[in-house]
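Input: a single structure, listed below in structure tokens.
Note that the structure is a prediction, hence the values are computed from the model and not measured.
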Amino acid sequence: MTNAERKHLDKVAGLGCILSRHYGYPDTPAEIHHVRTGTGAGRKASHYETIPLSPHFHRLSNEALHVMGRKAWERHHGVTELELLEQVRDLLGICA
């Protein structure tokens with residue numbers, strides 16, 4: 001991982017959980033989730049295609065992405081990984 005990637009990931013995590021923000025709860029601590037939409041088998045997601053998710057929404061609950069699977073998670077929460085990625089980019093002032 002490069003220094004630029006590390007700095008970017010720190011900024012992303014510093015936003016707090018993007019899904020909690022979506023629900024009206026900003027500043028919820030977050031960990032990094034690499035967006036897998038559009039990646040094929042064996043293709044690693046870019047460190048620049050990441051969203052901040054709380055452990056609850058990322059991996060530790062029945063509402064977690066890694067528990068439900070992406071499609072069920074997106075249906076359940078009414079928002080896609082790519083929509084959340086766009087929100088992250090907007091908050092960081094990054095043009096896609």
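Side-chain contact between Arg89 and Leu92: absent, with no pair of heavy atoms (C-beta onward) separated by less than 4.5 Å. No side-chain heavy atom of Arg75 sits under 4.5 Å from any side-chain heavy atom of Met68. In this structure, Val35 and Thr50 have side chains that are not in contact, with every pair of non-hydrogen atoms separated by 4.5 Å or more. The closest side-chain heavy-atom distance from His47 to Ile32 is not below 4.5 Å. Here the side chains of Arg70 and Leu65 are in contact, with some heavy-atom distance below 4.5 Å.
Using cut-offs of 30° and 60° on the angle between ring planes, the pair Tyr23 and Phe57 is tilted.
Atom CZ of Arg6 is separated from atom CG of Asp10 by 8.5 Å, given to the nearest 0.5 angstrom. Distance check: Glu31 CD to Ile51 CD1 gives 11.0 Å after rounding to the nearest 0.5 Å. From Cys17, atom SG reaches atom CG of Asp27 across 11.0 Å, with rounding to the nearest 0.5 Å.
Side chain of Trp73 to backbone of Ala64: no donor-acceptor contact under 3.5 angstrom is found. Arg21 places a side-chain N or O within 3.5 Å of a backbone atom of Leu15 that can act as its donor or acceptor partner. Here the side chain of Ser61 pairs a donor or acceptor atom with the backbone of His56 at under 3.5 angstrom. At least one donor-acceptor pair under 3.5 Å links the side chain of Glu83 to the backbone N or O of Thr80.
Taking Asn62 as the reference, nothing meets the side chain to side chain donor-acceptor pair (under 3.5 Å) condition, with sequence neighbours excluded. Scored by the ring pair (Phe, Tyr, Trp, His ring centres under 6.0 Å) test, Tyr48 finds His8 as partners (sequence neighbours excluded).
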- [ ] Dump the intermediate steps for ring pair (Phe, Tyr, Trp, His ring centres under 6.0 Å) on His22 and His77, then the final yes or no.
- [x] CA-CA 10 Å; His22 178 77; His77 294 291; 8.7 Å; no

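Inspection of the Glu49 and His34 side chains reveals no N or O donor paired with an N or O acceptor under 3.5 Å.
Taking every heavy atom of both residues into account, Arg59 and Val67 meet most closely at O-CG2, 3.8 Å.
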